[in-house]
Student: 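Below are the structure tokens for one structure; questions will follow.
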Amino acid sequence: MSDDEREEEVPSDEATRYLDDLSDRHELRQRYYGLLQELRVVLPGVQVLLAFLLTAPFAQRFNELDEWGRRSYEAALTCSMLSVVFLLGPTFLHRFGERTARRDRLLWSIRLMVVGLAFLGIALLAALWGVARFVFGDGSALQLVVPVAVAMVAVW
């Protein structure tokens with residue numbers, strides 16, 4: 001597979017906006033299936049994070065969290081749940097969306113995926129900050145979170 005073909009697997013909103021539902025039906029279908037494949041890779045990780053966050057309050061030391069620890073937990077839990085909701089959205093659009101609105105379904109699916117990944121990033125950073133702060137203290141937590149946030153922005 002060439003670099004050009006790989007780039008086309010993840011279409012941008014702008015590139016997709018000019019495709020026609022009738023004449024580009026095959027292209028739209030291929031792009032949508034590519035997007036769904038990417039979501040199949042991302043979702044298990046998000047679900048594991050969410051499962052961990054849902055069980056964390058039952059751990060013995062959870063009660064030792066101070067107000068900021070609980071806030072970071074709240075942010076991580078909420079954002080991971082929203083991430084799952086938004087990352088599952090394209091699947092529902094694929095199954096229940098109007099079949100003749102291929103371009104619009106793809107555009108909205110890309111948007112939902114981007115929002116879901118943004119919520120995932122926030123959830124990961126909040127969870128990292130909360131755990132690092134609990135284990136290492138405020139200063140070290142910040143030293144751990146900042147490089148990870150910079151890497152996320154640079155890579156994502």
Side-chain angles (χ1 to χ4, degrees), residues 1-17 28 30-97 103-156:
M1 183 183 288
S2 72
D3 287 341
D4 292 334
E5 289 173 330
R6 257 186 239 117
E7 287 176 13
E8 288 185 52
E9 286 180 11
V10 185
S12 67
D13 278 359
E14 195 61 35
T16 305
R17 191 176 322 275
L28 287 165
Q30 290 305 106
R31 288 183 181 201
Y32 207 96
Y33 289 148
L35 180 97
L36 292 176
Q37 286 297 92
E38 291 172 13
L39 291 173
R40 285 185 186 111
V41 171
V42 171
L43 270 169
V46 177
Q47 291 167 329
V48 167
L49 172 64
L50 181 59
F52 166 76
L53 290 169
L54 289 172
T55 59
F58 301 105
Q60 288 180 343
R61 294 189 64 196
F62 187 80
N63 290 333
E64 295 176 30
L65 289 177
D66 62 359
E67 182 183 351
W68 283 104
R70 290 182 184 274
R71 285 183 182 180
S72 70
Y73 173 78
E74 178 184 11
L77 180 64
T78 303
C79 287
S80 64
M81 186 65 77
L82 287 170
S83 180
V84 168
V85 169
F86 279 89
L87 291 173
L88 285 173
T91 304
F92 288 102
L93 280 176
H94 175 67
R95 290 288 171 214
F96 303 113
R103 183 181 61 102
D104 291 336
R105 284 188 297 133
L106 181 58
L107 285 170
W108 276 105
S109 293
I110 292 168
R111 292 173 188 145
L112 290 171
M113 185 177 84
V114 169
V115 171
L117 290 175
F119 277 124
L120 173 61
I122 295 167
L124 290 171
L125 292 174
L128 175 62
W129 185 76
V131 170
R133 187 174 171 274
F134 185 75
V135 175
F136 304 115
D138 288 335
S140 295
L142 199 57
Q143 290 174 348
L144 290 170
V145 170
V146 169
V148 173
V150 168
M152 278 183 185
V153 170
V155 174
W156 289 8

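Residues take their numbers from the sequence shown, with the count starting at 1.
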Student: CE/Met113 to CG/Leu88 distance, rounded to the nearest 0.5 angstrom?
Tutor: 13.5 Å
Student: Salt bridge (charged side-chain N to carboxylate O under 4.0 Å, His left out): which pairs involve residues 147-156, sequence neighbours left out?
Tutor: none
Student: Listed by chain and number, what are the side chain to side chain contact (heavy atoms under 4.5 Å, CB included) partners of Ala126, not counting sequence neighbours?
Tutor: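 If we apply the side chain to side chain contact (heavy atoms under 4.5 Å, CB included) test to Ala126, skipping adjacent residues, the hits are Ala75, Ala76.
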Student: Could you tell me which residues satisfy side chain to side chain contact (heavy atoms under 4.5 Å, CB included) with Val48, sequence neighbours excluded, listed by chain and number?
Tutor: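 Residues passing side chain to side chain contact (heavy atoms under 4.5 Å, CB included) with Val48: none at all.
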Student: Does any N or O in the side chain of Thr55 come within less than 3.5 Å of the main-chain N or O of Ala51, such that one atom is a donor and the other an acceptor?
Tutor: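 Such a contact is found between Thr55 side chain and Ala51 backbone.
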Student: Please report the shortest heavy-atom distance between Leu53 and Ser80, naming the atom on each side.
Tutor: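 Nearest heavy atoms, Leu53 then Ser80: CD1-OG, 3.4 Å.
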Student: Could you pull out all residues at least two apart from Leu36 that satisfy side chain to side chain contact (heavy atoms under 4.5 Å, CB included)?
Tutor: Tyr32, Tyr33, Leu39, Arg40, Pro90, Thr91, His94
Student: Can you name the closest pair of heavy atoms from Cys79 and Ile122 and give their distance?
Tutor: SG-CG2, 3.4 Å
Student: Scan residues 135-156 for pairs that pass ring-ring contact (aromatic ring centres under 6.0 Å, His included), counting only residues two or more places apart or in two chains.
Tutor: none
Student: Taking all atoms of both residues into account, what is the closest heavy-atom pair of Leu87 and Leu117, and its distance?
Tutor: CD2-N, 4.2 Å
Student: Would you call Leu50 and Leu77 a side-chain contact if the rule is heavy atoms closer than 4.5 Å?
Tutor: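 Yes, close enough: below the 4.5 Å cut-off.
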Student: Taking only residues two or more places apart in sequence or in another chain, which ones pass ring-ring contact (aromatic ring centres under 6.0 Å, His included) with Phe62?
Tutor: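 Scan of Phe62 (ring-ring contact (aromatic ring centres under 6.0 Å, His included), adjacent residues dropped) gives Tyr73.
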Student: Test: side-chain hydrogen bond (donor to acceptor under 3.5 Å, both in side chains). Region: residues 127-144. Which pairs qualify, not counting sequence neighbours?
Tutor: Asp66-Arg133, Arg133-Asp138
Student: Checking Asn63 now: which residues fulfil side chain to side chain contact (heavy atoms under 4.5 Å, CB included) with it, not counting sequence neighbours?
Tutor: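 Listed in chain order: Arg70.
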Student: Please walk me through it: do Leu107 and Arg103 pass side chain to side chain contact (heavy atoms under 4.5 Å, CB included)?
Tutor: CA-CA 6 Å; Leu107 285 170; Arg103 183 181 61 102; 4.0 Å; yes
Student: Who pairs with Arg61 by salt bridge (Lys or Arg N to Asp or Glu O under 4.0 Å), at least two apart in sequence or on another chain?
Tutor: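 So Arg61 forms a salt bridge (Lys or Arg N to Asp or Glu O under 4.0 Å) with Glu64.
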Student: Sequence neighbours excluded, which residues qualify as salt bridge (Lys or Arg N to Asp or Glu O under 4.0 Å) partners of Arg71?
Tutor: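 For Arg71 the salt bridge (Lys or Arg N to Asp or Glu O under 4.0 Å) partners, ignoring immediate neighbours, are Glu67.
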Student: Which residues pass the ring-ring contact (aromatic ring centres under 6.0 Å, His included) test with Phe134, sequence neighbours left out?
Tutor: none
Student: Any idea which heavy atoms bring Leu120 and Ser83 closest together, and the distance?
Tutor: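 Smallest interatomic distance, heavy atoms only, reads CB-OG, 3.4 Å.
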